[in-house]
Amino acid sequence: MLEELKLEVYKANMMLPKYNIVTFTWGNVSGIDRESGLLVIKPSGVEYEVMKPEDMVVVDLETGKTVEGNLNPSSDTETHRQLYLTCDGIGGVVHTHSSFATGWAQAHMDIPALGTTHSDDFYGAIPCTRPMTTEEIKNDYEWNTGAVIVDTFKSRDISMTDVPGVLVHSHGPFAWDTTPTKAVKKAVILEEVAKIAYYTKTLAPNISNIQQDLLDKHFLRKHGKDAYYGQK
């Protein structure tokens, strides 16, 4: 079942240690098949060194129940599911505890848009969510983590496709895109811009955000209807 997607999700998961954005098993990638309403995700707590494509777990998007697989799905599956249910444009989701992005999350701070490197992929600041309530933590924690992410984008009127990443308060980053592979690239870029922003704020604590015209130019030349970056 969904053998091609399993292979893609497996390969995407294997990109995480390759790009040094996970330690041990601290990360997961999923992908979705919208036609069947099924998602494929990394198994929980399995070392990357021994993981195989057939270890990927197939989960029903609507119910969260395992449809195929001998292993338990990632403990973050419910968060992934919430994001897929909310935004039809999402085809892959990544969660890591990459160092610089997690540092911003633990500082309870957005990653500000300070330069063009950030603006090429994120149309504005990467938001940090509000703290979760005791009730949200004690009951359906992973599902509520997704709900808090969704609430952050809705309450702050941020498009999940224009800003394909978030910092969960005191936790770490999630990123997404149209495919699992592209979502990993977004997660790698998110970590890189988190690092660059940290360096920038260390050198110049009072630096202003990038000017709006430059933000617009760099994001829209890659992602707008009149985009011209790259090859056709």
Side-chain angles (χ1 to χ4, degrees), residues 1-85 87 89-103 105 121 140-146 149 164-168 171-192 194-195:
M1 179 183 291
L2 301 178
E3 298 307 315
E4 289 187 10
L5 184 57
K6 284 182 187 175
L7 181 59
E8 182 180 5
V9 169
Y10 165 76
K11 288 181 177 179
N13 272 286
M14 296 305 290
M15 291 171 68
L16 300 183
K18 176 182 177 181
Y19 287 98
N20 297 313
I21 60 170
V22 294
T23 302
F24 300 122
T25 62
W26 304 353
N28 44 72
V29 183
S30 69
I32 190 167
D33 181 80
R34 292 282 180 184
E35 187 174 342
S36 65
L38 300 174
L39 67 91
V40 174
I41 194 164
K42 174 186 177 292
S44 180
V46 175
E47 298 285 348
Y48 289 92
E49 292 83 357
V50 301
M51 196 165 60
K52 304 179 294 297
E54 54 266 33
D55 294 330
M56 301 301 105
V57 185
V58 182
V59 175
D60 185 279
L61 175 63
E62 290 295 330
T63 66
K65 293 182 179 179
T66 297
V67 174
E68 184 180 75
N70 298 320
L71 300 172
N72 293 327
S74 167
S75 58
D76 295 305
T77 298
E78 289 295 275
T79 308
H80 289 239
R81 200 162 67 85
Q82 176 86 245
L83 298 176
Y84 287 125
L85 287 167
C87 183
I90 295 177
V93 175
V94 180
H95 173 48
T96 76
H97 293 260
S98 57
S99 299
F100 281 88
T102 300
D121 287 277
D140 299 318
Y141 169 65
E142 290 81 10
W143 177 260
N144 288 328
T145 299
I149 293 171
V166 70
L167 306 176
V168 177
H171 186 165
F174 282 80
W176 49 84
D177 208 321
T178 54
T179 71
T181 304
K182 289 181 178 179
V184 172
K185 291 180 180 179
K186 282 294 189 294
V188 173
I189 294 167
L190 192 158
E191 173 64 9
E192 191 65 20
K195 178 168 64 175

Between A175 and L190 the two heavy atoms that sit nearest each other are CB-CD1, 4.4 Å

Side chains of M56 and M51: does their closest heavy-atom pair fall under 4.5 Å? yes

Let me confirm one number: the CG-NZ distance from D121 to K186, rounded to the nearest 0.5 Å. 4.5 Å

Does a side-chain heavy-atom distance below 4.5 Å link N72 with V57? no

Counting distance only, does the side-chain N/O of E78 pair as donor-acceptor with the main-chain N or O of D76 below 3.5 Å? no

Taking it one step at a time, do N70 and E54 satisfy side chain to side chain contact (heavy atoms under 4.5 Å, CB included)? CA-CA 9 Å; N70 298 320; E54 54 266 33; over 6 Å; no

What I'd like to find out is whether the side chain of H97 reaches to under 4.5 Å of the side chain of F24, using heavy atoms alone. no

Could you check if a side-chain atom of P173 sits within less than 4.5 angstrom of a side-chain atom of T96, using non-hydrogen atoms only? yes

Inspect the surroundings of CD in E4 and state if more than 12 heavy atoms from other residues, nucleotides or ligands are less than 6.0 Å away. no

All heavy atoms of T77 vs all of S74, minimum pair found to be OG1-O, 2.6 Å

Stacked cation flag K18 on Y48, 6.0 angstrom / 45 deg: no

Heavy atoms only: give me the nearest I90-L83 pair and the separation to one decimal. CD1-O, 3.8 Å

Run the side chain to side chain contact (heavy atoms under 4.5 Å, CB included) test on M1 and L38 for me, step by step, so that the C-alpha distance in whole Å, both residues' side-chain angles and the decisive distance to 0.1 Å come before the verdict. CA-CA 10 Å; M1 179 183 291; L38 300 174; 3.8 Å; yes

So, do Y84 and S30 sit near enough that their side-chain heavy atoms are less than 4.5 Å apart? yes

Working note: W26 + L16, criterion side chain to side chain contact (heavy atoms under 4.5 Å, CB included); need CA distance, chi angles, decisive distance, verdict. CA-CA 10 Å; W26 304 353; L16 300 183; over 6 Å; no

What I'd like to find out is whether the side chain of K195 reaches to under 4.5 Å of the side chain of S99, using heavy atoms alone. no

Can you tell me if D60 has over 12 outside heavy atoms packed within less than 6.0 Å of its CG? yes

So do N28 and H80 actually touch side chain to side chain, heavy atoms under 4.5 Å? yes

From CA spacing to verdict: side chain to side chain contact (heavy atoms under 4.5 Å, CB included), Q82, L85: CA-CA 5 Å; Q82 176 86 245; L85 287 167; 5.6 Å; no

One should read off an interatomic distance between T178 OG1 and I32 CD1, to the nearest 0.5 angstrom, of 13.0 Å

So if I apply the side-chain contact (heavy atoms from CB on, under 4.5 Å) rule between V94 and each of V29, N13, D177, which one comes out positive? V29

Calculate, to the nearest 0.5 Å, the distance between atoms OG and CZ belonging to S36 and R34 respectively. 10.5 Å

Nearest atoms (heavy-atom pairs only) where P180 meets G91: CD-O, 3.8 Å

Step through the shown structure and confirm whether more than 12 heavy atoms of other residues, nucleotides or ligands are within 6.0 Å of OH on Y19. no

Kindly say whether T25 contributes a backbone atom to a donor-acceptor pair with the side chain of E47 at under 3.5 angstrom? no

What one should report as the nearest heavy-atom pair of G27 and V22 is CA-CG1, 3.9 Å

Minimal heavy-atom distance between W143 and R81, with the atoms involved, is CZ3-NH2, 3.5 Å

Answer yes when K11 and E8 have at least one side-chain N-carboxylate O distance shorter than 4.0 Å, and no when they do not. no

I want to check something: taking the side chain as every heavy atom from C-beta on, are H95 and T79 in contact at a cut-off of under 4.5 Å? no

